[in-house]
Colleague: 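Below: one structure in structure tokens.
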Amino acid sequence: MSRLIVVSNRVNPPADPGVGTAGGLAMALAAALRDDKGVWFGWSGETVERFAGRPKIENVGGVTVALVDLEEQDRTEYYDGYANRTLWPLFHYRTDLASFERSFGEGYLRVNERFAETLLPLIRPDDLIWVQDYHLIPLGRELRRRGIENRIGFFLHTPWPARRVINTLPKHAELVEALFAYDLVGFHTNDYLDSFGDYVINEAGGEFEWGVARAFGRSMRAGVFPIGIDVEEFRQSRKSKAALDYFKRVQASKINRKVLLGVDRLDYSKGLEERFLAYERFLDDNPERSEQVFFLQIATPSRTDVGAYQDLRERLDTISGRVNGTHATVDWVPLRYVNQSYRRDELCGIYRASDIALVTPLRDGMNLVAKEYVAAQDERNPGVLILSEFAGAAEEMQDALIVNPLSHEDVADAIRRGLDMPLAERKRRWESLMDNVTRGDVTAWRDNFVSALSGEPAVQLAS
Ligand code: ADP
């Protein structure tokens with residue numbers, strides 16, 4: 001039987017599979033790796049003076065993990081540089097924030113070569129290799145160059161942007177050509193697959209038909225595999241003490257008010273600034289609603305050493321201060337802006353106590369918060385999901401209130417509509433959303449990709 005080798009920038013299997021504090025993706029991959037006696041390979045997050053070229057092999061919660069240490073220059077150029085300052089903004093349509101520095105591109109290639117060299121001795125002839133995300137696009141090609149003939153798949157967790165956007169990347173053709181070293185490339189949505197096909201046909205002069213792309217003298221399959229959450233684990237965690245405690249805490253603080261909730265990493269792709277402004281617009285336009293609602297935004301700081309993230313945080317501090325300064329009363333704070341992180345079971349309780357979720361990214365590969373919010377609801381009294389049309393999740397979750405996150409009026413209207421939505425409509429929408437979240441859970445995502453990669457009928461392959 002073939003083993004699965006998962007390769008990602010960071011490796012984070014849950015230490016104890018029963019506890020469920022790790023993310024759904026980590027849980028699903030770890031489960032497959034335990035069953036297949038596979039290996040999870042990636043960067044330890046540590047740096048050393050000199051790259052050693054040998055992985056540290058450990059067993060974490062029944063999963064074999066192989067970790068490599070990188071050099072400080074690797075971290076600067078590959079991770080902080082090309083991954084976080086070039087590809088991340090570019091893939092999220094922020095060409096204005098993307099840095100194009102040659103040293104970043106060189107570091108990116110060097111680390112991908114280092115990954116390939118270190119992984120090489122661990123690969124057995126029948127192994128399936130599954131590479132995750134934009135950090136490692138050239139890895140497949142580097143493995144091929146070193147003689148690996150195994151099936152290798154790649155999955156992109158971010159959007160694949162429109163052709164005109166990807167064209168702003170120096171050496172974009174080289175990056176896309178690298179994808180053709182894989183047997184299978186997966187995207188979250190049809191929209192991303194279409195953009196990729198557009199590039200293949202109109203930029204690379206190739207063909208893209210029936211899920212097969214031909215260009216650069218090679219062919220490979222490309223398909224749609226929308227990621228989901230671990231629904232079962234999430235439903236279980238609803239009953240946990242932490243979930244119940246947090247549910248009660250938020251309920252007690254409501255005092256007959258309705259709660260709008262946002263939960264995000266503090267990232268410019270999440271549309272936090274626009275969301276705050278839309279809420280301000282809602283308060284300005286609906287004075288009669290004052291004191292009937294409050295907005296709880298949980299935003300955990302991330303990539304705090306990158307200037308664009310520091311700037312965003314400052315702007316959010318300013319807007320939240322203004323909203324509260326203008327609208328607050330002695331016993332009402334309209335915007336509770338929290339920079340803390342919460343455990344998944346705690347979040348589950350917070351989701352359940354909230355009447356509306358505002359998931360309004362400007363661009364997002366999928367957005368799992370939308371799915372978690374739905375899974376956490378009480379079926380007898382479910383909340384309303386307001387979802388950006390630019391989140392990958394919108395393709396599957398059309399029964400949410402779909403908004404353009406750039407239009408403050410559009411979002412303010414949706415808040416009003418959500419607050420007034422009758423129970424019957426909330427239930428109807430939630431049932432349809434929940435059905436979708438359940439059928440497309442993280443196990444289905446993993447199994448569909450792995451079975452397509454191993455050559456069994458590829459149910460999800462889009463035309
Ligand atoms: P991204 O991967 O870009 O951060 P997703 O919405 O796809 O966005 O996934 C975010 C994950 O991180 C979800 O599982 C969510 O529960 C978790 N998360 C996001 N924000 C927070 C927060 N403030 N505290 C705790 N967990 C969070």
Side-chain angles (χ1 to χ4, degrees), residues 8-10 12 14 20-29 83-84 87-89 91-94 132-135 155-159 187-189 192 225-231 233-235 237-238 240 242-243 246 250 261-272 275 295-304 306 309 312-313 316 336-352 354 357-377 385-388 390-397 400 405 437 440-442 445:
S8 55
N9 173 54
R10 295 299 302 274
N12 53 351
T21 46
L25 172 64
M27 300 280 284
L29 292 176
N84 285 346
L87 290 184
W88 178 270
F91 282 5
H92 291 85
Y93 287 71
R94 293 301 302 267
Q132 309 284 328
D133 229 358
Y134 59 97
H135 312 83
F155 188 82
L156 184 69
H157 290 265
T158 65
F187 301 97
H188 282 308
T189 70
Y192 308 156
F225 304 86
I227 200 168
I229 60 166
D230 188 338
V231 176
E233 182 249 349
F234 219 78
R235 301 290 280 181
S237 100
R238 289 193 331 176
S240 66
Y246 270 80
V250 178
L261 175 71
V263 175
D264 306 79
R265 250 184 333 101
L266 212 163
D267 191 290
Y268 47 75
S269 65
K270 303 292 181 183
L272 290 162
R275 194 182 304 166
F295 174 19
L296 171 61
Q297 174 65 56
I298 299 173
T300 318
S302 76
R303 303 176 194 170
T304 46
V306 179
Y309 289 74
L312 171 66
R313 193 162 177 191
L316 291 172
R336 296 186 196 172
Y337 174 43
V338 181
N339 287 141
Q340 216 174 301
S341 174
Y342 290 91
R343 291 196 341 225
R344 289 161 60 68
D345 46 3
E346 295 168 345
L347 268 186
C348 192
I350 300 172
Y351 286 140
R352 197 173 166 85
S354 301
L358 280 169
V359 182
T360 56
L362 305 182
R363 294 281 162 188
D364 209 332
M366 172 54 74
N367 195 291
L368 294 177
V369 167
K371 296 188 175 187
E372 290 171 358
Y373 178 74
V374 167
Q377 295 308 296
L385 174 63
I386 295 179
L387 181 60
S388 160
F390 305 123
E395 212 171 272
E396 304 162 88
M397 302 182 88
V437 169
D441 74 351
V442 72
W445 169 77

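Counting starts at 1 for both ligands and their atoms, in listed order. Just so it is clear, the structure is predicted and the values come from calculations on it, not from any experiment.
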Colleague: Do any nitrogen or oxygen atoms of Ala299 come within less than 3.5 Å of a nitrogen or oxygen of ligand 1?
Modeller: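 Checking ligand 1 against Ala299, no N or O pair falls under 3.5 Å apart.
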
Colleague: Glu372 near ligand 1, heavy-atom distance under 4.0 Å?
Modeller: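 Distance cut 4.0 Å: Glu372 passes for ligand 1.
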
Colleague: Would you call Lys270 a ligand 1 contact, heavy-atom distance under 4.0 Å?
Modeller: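 Yes; Lys270 lies near enough to ligand 1 that a heavy-atom distance drops under 4.0 Å.
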
Colleague: Taking atom 24 (N) of ligand 1 as the point of reference, which of Phe234, Tyr373, Tyr342 owns the nearest heavy atom?
Modeller: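 The nearest heavy atom belongs to Tyr342.
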
Colleague: Apply side chain to side chain contact (heavy atoms under 4.5 Å, CB included) to Asp441 and list each qualifying residue two or more places apart in sequence or on a separate chain.
Modeller: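 Per chain and number, Asp441 pairs via side chain to side chain contact (heavy atoms under 4.5 Å, CB included) with Val231, Thr443, Ala444.
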
Colleague: Quick check on Tyr351 - does any of its heavy atoms sit under 4.0 Å from an atom of ligand 1?
Modeller: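 A heavy atom of Tyr351 does come that close to ligand 1.
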
Colleague: To check you understand the geometry: which heavy-atom pair defines the closest contact between Ser237 and Ala243, and what is its length?
Modeller: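 Residues Ser237 and Ala243, closest heavy atoms: O-CB, 3.2 Å.
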
Colleague: Are any side-chain N or O atoms of Arg363 and backbone N or O atoms of Phe390, one a donor and one an acceptor, separated by less than 3.5 Å?
Modeller: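 Flag not set: sc Arg363 to bb Phe390 has no pair under 3.5 Å.
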
Colleague: Atoms of ligand 1 less than 4.0 Å from Thr300 heavy atoms?
Modeller: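 Contacts of ligand 1 toward Thr300, numbered from 1: 21 (C), 22 (C), 23 (N), 24 (N).
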
Colleague: Taking heavy atoms and a distance under 4.0 Å, where does Asp267 meet ligand 1: side chain, backbone, both or neither?
Modeller: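 It is neither part, as no heavy atom is under 4.0 Å.
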
Colleague: Main chain of Gly440, side chain of Trp445: is a donor-acceptor contact present, judged purely on distance under 3.5 Å?
Modeller: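 No, the answer is negative, given that no donor and acceptor are paired below the 3.5 Å cut-off.
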
Colleague: If you look at every heavy atom in Leu272 and Ala299, which pair is closest and at what distance?
Modeller: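 Scanning both residues completely, I find the closest heavy atoms to be CD1-CB, 4.4 Å.
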
Colleague: Could I get the full list of side chain to side chain contact (heavy atoms under 4.5 Å, CB included) partners for Thr158, not counting sequence neighbours?
Modeller: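 For Thr158 the side chain to side chain contact (heavy atoms under 4.5 Å, CB included) partners, ignoring immediate neighbours, are Trp88, Phe91, His92, Asp133, Tyr134, Leu156.
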
Colleague: State the atoms of ligand 1, each with its element, that fall below the 4.0 Å cut-off from a heavy-atom position in Asp264.
Modeller: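 Listed by number with element, the hits are 20 (N), 23 (N).
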
Colleague: According to the interplanar angle, ranging from 0 to 90°, do the rings of Tyr309 and Tyr268 count as parallel (below 30°), tilted (30 to 60°) or perpendicular (above 60°)?
Modeller: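 Taking Tyr268 first and then Tyr309, their aromatic rings sit tilted (interplane angle of 30° to 60°).
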
Colleague: Using a 4.0 Å cut-off to any heavy atom of Ile298, which atoms of ligand 1 qualify?
Modeller: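 Those atoms are 23 (N).
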
Colleague: Closer than 3.5 angstrom, by distance alone: can the side chain of Arg238 be matched with the main-chain N or O of Gln377 as a donor-acceptor pair?
Modeller: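 Yes; at least one donor-acceptor contact below 3.5 Å.
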
Colleague: From His188 NE2 over to Glu395 CD, what is the distance, rounded to the nearest 0.5 angstrom?
Modeller: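 These two atoms lie 11.5 Å from each other.
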
Colleague: Using a 4.0 Å cutoff against the non-hydrogen atoms of Arg265, which atoms of ligand 1 qualify?
Modeller: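 Those atoms are 1 (P), 3 (O), 4 (O), 20 (N).
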
Colleague: Check each atom of ligand 1 against the heavy atoms of Leu347 and keep those under 4.0 Å away; list them by number with element.
Modeller: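 Under 4.0 Å from Leu347, ligand 1 has these atoms: 16 (O), 25 (C), 26 (N), 27 (C).
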
Colleague: Going by the atom numbers of ligand 1, which of them fall below 4.0 Å from some non-hydrogen atom of Val369?
Modeller: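 The atoms of ligand 1 under 4.0 Å from a heavy atom of Val369 are 6 (O), 15 (C).
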
Colleague: Is it true that Gln340 lies under 4.0 Å from ligand 1, counting heavy atoms only?
Modeller: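 The answer is yes: ligand 1 sits under 4.0 Å from a heavy atom of Gln340.
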
